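Note that the coordinates shown come from a computational prediction; the quantities given were computed from them, not determined experimentally. In each ligand, atom 1 is the first atom listed, and ligand 1 is the first ligand listed.
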Amino acid sequence: MGRIITIVSGKGGVGKTSLTANLGVALAQAGLKILLVDADVAMANLSLILGMQSSPITLHDVLLGESTINDAVYDGPGGVFFVPSGLSLEAYRRVDSERLESVIKSIQEKYDFILIDAPAGIEKNVMAAIAAAEETIIITTPDSPSVADAIKIKLVAQRLGVNPIGVIINFVRNEKGEIKTQDITKLLELPVLGTIPEDLEIRRSFMQENALPMILHKPSCPASNAIRKIAEKLAGKNIEAGEEKKPGFFEKLFTRFKKK
Ligand SMILES: Nc1ncnc2c1ncn2[C@@H]1O[C@H](COP(=O)(O)OP(=O)(O)OP(=O)(O)O)[C@@H](O)[C@H]1O
Ligand SMILES: [Mg+2]
């Protein structure tokens, strides 16, 4: 049985989607079978970070009972598999996110890890994304509003019976005034799985014409190295940094969303 882990934060914009994509690719580079699920049913953007632009069948169709989950799984970059969320607001309004748990658990045995990208906040779709998992990883930045929201989301996960396994501190600049790693460990009463520096390459990698997750585009930049270390902890083995990839013809084929 694979591990199902939801990536959560409480506060928005702290890097959940970027980390889901890059951690997923790093785990796939460890030879594991990885499924990434965009459970941000209102503001889907994991596809953009993966460099995949169109998707005939999405999680919306699955949650509406109009398609099976297997029909919504696509080949993504770096060997990951991927379930996109839909962009239609009309479908979003009708989506029953409570079905997510049974949908995800129905394919659990096919993968080593299923990483679910959750929306921010603590509203119903966030709860559904957490409840679909058995474990959560909490993302925070090293400042008090973000850590305060991380504490809230940890409590939400525990109430839902989902195990918070640790924290990732993102956007670290090592500036005066940042909350220190050991203080975040104490405040959250959770181990810190890793710290990721603020690194422009994260944004650059999806702002170019043919987007690719940073870890494929710049495998040896500081944020990629930090993410690989976290993936090594989760995978329990070393992962080689791959060759730097320039998104060319081959990657453009990926962006056409080749069906599995
Ligand atoms: N370590 C980092 N260094 C620099 N920029 C980063 C870093 N991590 C994420 N970013 C950038 O921050 C922005 C927000 O990241 P992302 O979309 O992954 O956050 P999120 O938590 O998923 O947001 P939301 O709550 O809206 O879903 C993006 O532009 C991303 O490129
Ligand atoms: Mg996001």
Side-chain angles (χ1 to χ4, degrees), residues 5-26 36-52 58-59 76 80 82-87 92 97 100 115-130 132-133 136-143 145-150 152-154 156-157 167-175 178-179 181 184 192-208 211-231:
I5 306 178
T6 298
I7 312 296
V8 295
S9 69
K11 192 165 175 4
V14 298
K16 294 178 294 302
T17 305
S18 309
L19 296 184
T20 305
N22 286 288
L23 204 50
V25 170
L36 306 181
V37 179
D38 189 351
D40 196 345
V41 288
M43 296 289 173
N45 49 31
L46 185 54
S47 336
L48 299 177
I49 289 177
L50 292 173
M52 301 168 77
T58 70
L59 188 63
V80 294
F82 171 56
V83 177
S85 221
L87 299 172
Y92 156 67
S97 56
L100 190 64
L115 301 185
I116 303 175
D117 179 26
I122 46 171
E123 45 83 38
K124 124 175 171 316
N125 292 325
V126 181
M127 307 264 231
I130 296 173
T136 63
I137 292 177
I138 300 175
I139 316 295
T140 185
T141 51
D143 54 75
S146 178
V147 173
D149 290 356
K152 265 185 232 157
I153 206 79
K154 177 195 160 191
V156 169
V167 190
I168 297 176
I169 311 173
N170 191 23
F171 277 102
V172 173
R173 292 184 183 171
N174 291 316
E175 276 177 353
E178 284 184 357
I179 307 183
T181 302
I184 292 180
V192 171
L193 300 173
T195 58
I196 300 171
E198 179 166 300
D199 188 333
L200 278 179
E201 293 300 345
I202 290 201
R203 276 185 60 212
R204 278 199 194 124
S205 60
F206 78 84
M207 285 171 77
Q208 59 189 345
L212 264 187
M214 168 192 65
I215 203 147
L216 291 172
H217 183 57
K218 292 280 174 196
S220 299
C221 72
S224 290
N225 289 337
I227 290 170
R228 198 174 306 104
K229 271 196 206 150
I230 300 169

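When non-hydrogen atoms are compared, ligand 1 lies under 4.0 Å from the side chain of Asp40 (C-beta onward) but not from its backbone. The part of Pro197 lying near ligand 1 is the backbone, judged by heavy-atom distances below 4.0 Å.
When hydrogens are left out, the protein atom nearest atom 15 (O) of ligand 1 is Ser18 OG, 3.7 Å; that is the closest non-hydrogen contact. Atom 17 (O) of ligand 1 has Thr17 CB, 4.1 Å as its closest protein atom, hydrogens excluded (heavy atom only). For atom 1 (N) of ligand 1, the closest non-hydrogen atom on the protein side is Asn170 OD1, 2.8 Å. For atom 4 (C) of ligand 1, the closest heavy atom belonging to the protein is Asp199 O, 3.2 Å. Atom 25 (O) of ligand 1 has Lys16 NZ, 2.7 Å as its closest protein atom, hydrogens excluded (heavy atom only). Protein heavy atom closest to atom 2 (C) of ligand 1, with residue, atom name and distance, is Ile202 CD1, 3.6 Å. Here the heavy atom of the protein found nearest to atom 10 (N) of ligand 1 is Phe171 CZ, 3.3 Å. At the top of the distance list for atom 28 (C) of ligand 1, counting protein heavy atoms only, stands Arg203 CG, 4.1 Å.
There is a protein heavy atom closer than 4.0 angstrom to atom 7 (C) of ligand 1.
Residue Ile179 qualifies as enclosed at atom CD1: its count of foreign heavy atoms under 6.0 Å is above 12.
A heavy-atom separation below 4.0 Å is not found between Ala223 and ligand 1.
Considering backbone and side-chain atoms alike, Asn45 places every N or O at 3.5 Å or more from each N or O of ligand 1. Where the criterion is an N or O separation shorter than 3.5 Å, residue side chain and backbone included, Gly12 fails it with respect to ligand 1. Checked against a 3.5 angstrom limit, the closest N/O atoms of Phe206 and ligand 1 fall outside it.
The Mg ion (ligand 2) has an N, O or S atom of Thr17 closer than 2.8 Å.
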